[in-house]
Amino acid sequence: MPVLEGLWGPDLRVQDSGLGVGVCPDEATHSPVWGPLRTPPVTCGGLSLALELPALLRQLRAAWRARRGGSRGTERSDESTWVEDEKEGEGEGEDEVKKEEEEVKQATGSRSAHLEADGRQSTCHPVVLLAERRGSFPLIDLRILKTSDQRGEVESSTRKKVKRLLSFQRYCHSSRLLRGDVPQTPGSLHLLDEDYLGQAVHMLSKVGTWNFDIFLFDRLTNGNSLVMLMCHLFNVYGLIHHFQLDMVKLHRFLGMLQEGYHSQNPYHNAVHAADVTQAMYCYLKEPRLAEQLSLLDVFLGLTAAAAHDVDHPGVNQPFLVKTRHHLASLYQNTSVLESHHWRSTVGMLRESGLLSHLPADLSQDIEQQLGSLILATDISRQNEFLLTFREHLENQDLDLTLASHRHFMLQIALKCADVCNPCRDWELSKQWSERVCEEFYRQGDVEKKFELEISPLCNQQTDSVPAIQTGFISYIVEPLFEEWQRFTQPSLLSQTMTGHLKKNKARWSRLRYAQASVDVHSCSRDDEPEGGEGGGEEEEIEEENIP
């Protein structure tokens, strides 16, 4: 119904008042809507209008008492017949209430049994892959998270509908292109030529460059950066034609995927997914990797990059564990978020029917491999993958003609794309650093409000952005990209990323040192006695003006 409402508007919906089929209360029986040859319905709210007045009143009273939970009325009538009718109505109302209570108990019991069976199936039969589209937000104080009010949410929902309708028009055009109804010019962008602004088209022509500004691209595409980027890359590689993908189903899947990210997250949102996808595309073009990749490998790499953080709640795994969130219980406190991202992606694939035309064994294999790629982004498994990668490079036994080795390199490439922000140009890297720290601080504010232990890196009073970024680069990013540079032997892109990484680390270190110096000066001023000799107040003002 929401889809129909968005396409047709509210005036074309069938109104359901919950009273059953009958005459509208505001519509007279002689209304021209019914016409002279039609007889209006003789029921209203399940009550027969052909009954005598006392019997009709009894039914009305019984229905009213059923709504009130079977409470007995206190009205009395002077006529004995009315008293008897009221008693009969009360008895009927109580019977109906008891019947409703039994139905509710049965429904509740069947629902519990279904959930228990679902849990048994997921634990006892790990081969069966269950899709998941459940929202993952924990119960937290929304005012602390500075979420939009109800009006803003309604406006956001309306904007999403408009964007999806505009996108659908783009894909109707693209489907004609694929059928050959519209002539294609050499070097055209296929899906996007007639619908994109000139600047967005120009950016997509340089999507393989490392200085690609995903924030600007998101603004030019009106917040549709992930959908548009994925469609363009699918056409660049010819994946739509190779896998015979239906354009409407592809649009439906990508639309659900983009909307599955929460825009109120400062960092883990659809723009981050688009940024990781663009980085993944750059890594897939590395000569040593591109020569051996199959189209299935490319499809898996791009899709996993776009979906690797879908439905991220904006908090980390330790927060979900300590608050006993249902996702932590479902996945037994192991790769909780990554498992949820994978299961949500599978749910969207099946709901959209994107792979429904493929053989069952192939679609199941794609789902499993997507899970393996997304689960590799778990930061707690960083050392595991890094040691294996290092051993392969030292032994020189990477054979990319083997599917298993290509899959492992896709995992490494996705891990690099997920943490590549410090390898970008300073202006882009700084934006991402501030966004991720803002998300950390929001979690810390929630933990502080509910008197929970504040997680590492989430205390805004003690964990500064320069300190967080310096540690992140030293312990996570540098070791991984050193090995990636060895793998590429090294490529021009690897050299560019390494150069940005060193410069950004040095800049964060200087900012950290400057901030520490300011903190030391402020602490020393706090220790000085008030009203010191020699104009202490003037000296304090001068120190505060030091840049």
Side-chain angles (χ1 to χ4, degrees), residues 159-160 162-164 166-171 173-174 177 182 184-240 247 250-251 254-255 257-259 261 263 267 269-286 290 298 301-303 305-309 413-414 416-418 420-435 491-493 496-497 499-500 504:
R159 286 195 298 269
K160 286 182 179 180
V162 172
K163 285 188 236 177
R164 294 195 65 175
L166 292 175
S167 300
F168 185 76
Q169 295 174 1
R170 292 187 177 100
Y171 295 117
H173 168 70
S174 66
L177 286 174
V182 179
Q184 301 182 18
T185 58
S188 68
L189 293 176
H190 307 303
L191 293 176
L192 314 173
D193 277 356
E194 296 184 2
D195 303 284
Y196 267 41
L197 298 174
Q199 290 177 310
V201 176
H202 178 69
M203 288 194 68
L204 280 175
S205 66
K206 298 183 178 182
V207 69
T209 58
W210 188 244
N211 60 349
F212 190 84
D213 189 345
I214 196 63
F215 296 108
L216 175 59
F217 183 71
D218 190 66
R219 291 193 296 270
L220 292 176
T221 57
N222 197 23
N224 272 319
S225 57
L226 182 60
V227 172
M228 303 312 168
L229 180 63
M230 282 289 287
C231 282
H232 175 67
L233 296 181
F234 269 40
N235 267 276
V236 167
Y237 280 105
L239 299 177
I240 297 176
M247 287 304 304
L250 178 62
H251 165 260
L254 295 177
L257 194 64
Q258 181 173 266
E259 293 180 6
Y261 285 91
S263 58
Y267 182 81
N269 49 42
V271 184
H272 166 66
D275 181 67
V276 173
T277 304
Q278 190 270 336
M280 188 68 172
Y281 172 62
C282 293
Y283 298 156
L284 295 180
K285 290 175 57 183
E286 287 283 17
V298 174
L302 295 177
T303 305
H308 79 285
D309 273 334
L414 182 56
C416 290
D418 193 24
C420 72
N421 301 144
C423 300
R424 300 280 191 179
D425 182 75
W426 169 254
E427 295 301 326
L428 294 176
S429 177
K430 183 172 179 290
Q431 290 188 62
W432 286 119
S433 300
E434 293 172 345
R435 284 170 174 262
S491 66
L492 179 61
L493 175 59
T496 301
M497 291 191 300
H500 287 322
N504 293 338

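This is a predicted model, so every value here is computed, not measured.
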Legend entry - Chi angles and distances behind the side chain to side chain contact (heavy atoms under 4.5 Å, CB included) call for Asp275, Phe217: CA-CA 10 Å; Asp275 181 67; Phe217 183 71; over 6 Å; no
Inset, instruction - Kindly give the heavy-atom pair with the smallest separation between Met203 and Asp213, and that separation in Å. - result: CE-O, 3.2 Å
Legend entry - Asp309 side, atom CG; Asp418 side, atom CG - distance, nearest 0.5 Å: 6.0 Å
Inset, instruction - Walk me through it: do Lys285 and Leu493 pass the test side chain to side chain contact (heavy atoms under 4.5 Å, CB included)? - result: CA-CA 10 Å; Lys285 290 175 57 183; Leu493 175 59; over 6 Å; no
Inset, instruction - Please confirm whether the backbone N or O of Ser433 pairs with a side-chain atom of Asn421, one donor and one acceptor, at under 3.5 Å? - result: no
Inset, instruction - Enter the distance from Leu239:CG to Thr303:OG1 here, rounded to the nearest 0.5 Å. - result: 8.0 Å
Legend entry - Test log, rule side chain to side chain contact (heavy atoms under 4.5 Å, CB included), inputs Tyr237 and Leu284: CA-CA 11 Å; Tyr237 280 105; Leu284 295 180; 3.8 Å; yes
Legend entry - Straight-line distance of Lys430 NZ to Leu428 CG, nearest 0.5 Å: 11.5 Å
Inset, instruction - Determine yes or no for a side-chain-to-main-chain donor-acceptor pair under 3.5 angstrom, with Asn504 supplying the side chain and Pro422 the backbone. - result: yes
Legend entry - Pairwise distance CG(Asn235) to NE2(His232) - rounded to 0.5 angstrom: 8.5 Å
Legend entry - Cys282 vs Phe212 side-chain heavy atoms within contact, under 4.5 Å: no
Legend entry - Leu257 side chain reached by Met230 side chain, heavy atoms, under 4.5 Å: no
Inset, instruction - Grab the two heavy atoms, one from Ala305 and one from Met280, that are nearest each other, plus how far apart they are. - result: CB-CB, 3.9 Å
Inset, instruction - Find the distance between OG (Ser429) and CD (Glu434) and round it off to the nearest 0.5 Å. - result: 9.5 Å
Legend entry - Which residues share a side-chain contact (heavy atoms from CB on, under 4.5 Å) with Ala273, sequence neighbours left out: Leu226, Tyr261
Legend entry - Atom pair CD (Gln278) and CG (Leu204), whose distance is rounded to the nearest 0.5 Å: 10.5 Å
Legend entry - Where Ala413 and Tyr283 come nearest, the two heavy atoms and their spacing: O-CD1, 3.5 Å
Inset, instruction - On the 0 to 90° scale, with breaks at 30° and 60°, tag the His272-Trp432 ring pair as parallel, tilted or perpendicular. - result: perpendicular
Inset, instruction - Would you sort out whether Arg424 and Trp210 count as a side chain to side chain contact (heavy atoms under 4.5 Å, CB included), showing the intermediate values? - result: CA-CA 7 Å; Arg424 300 280 191 179; Trp210 188 244; 3.7 Å; yes
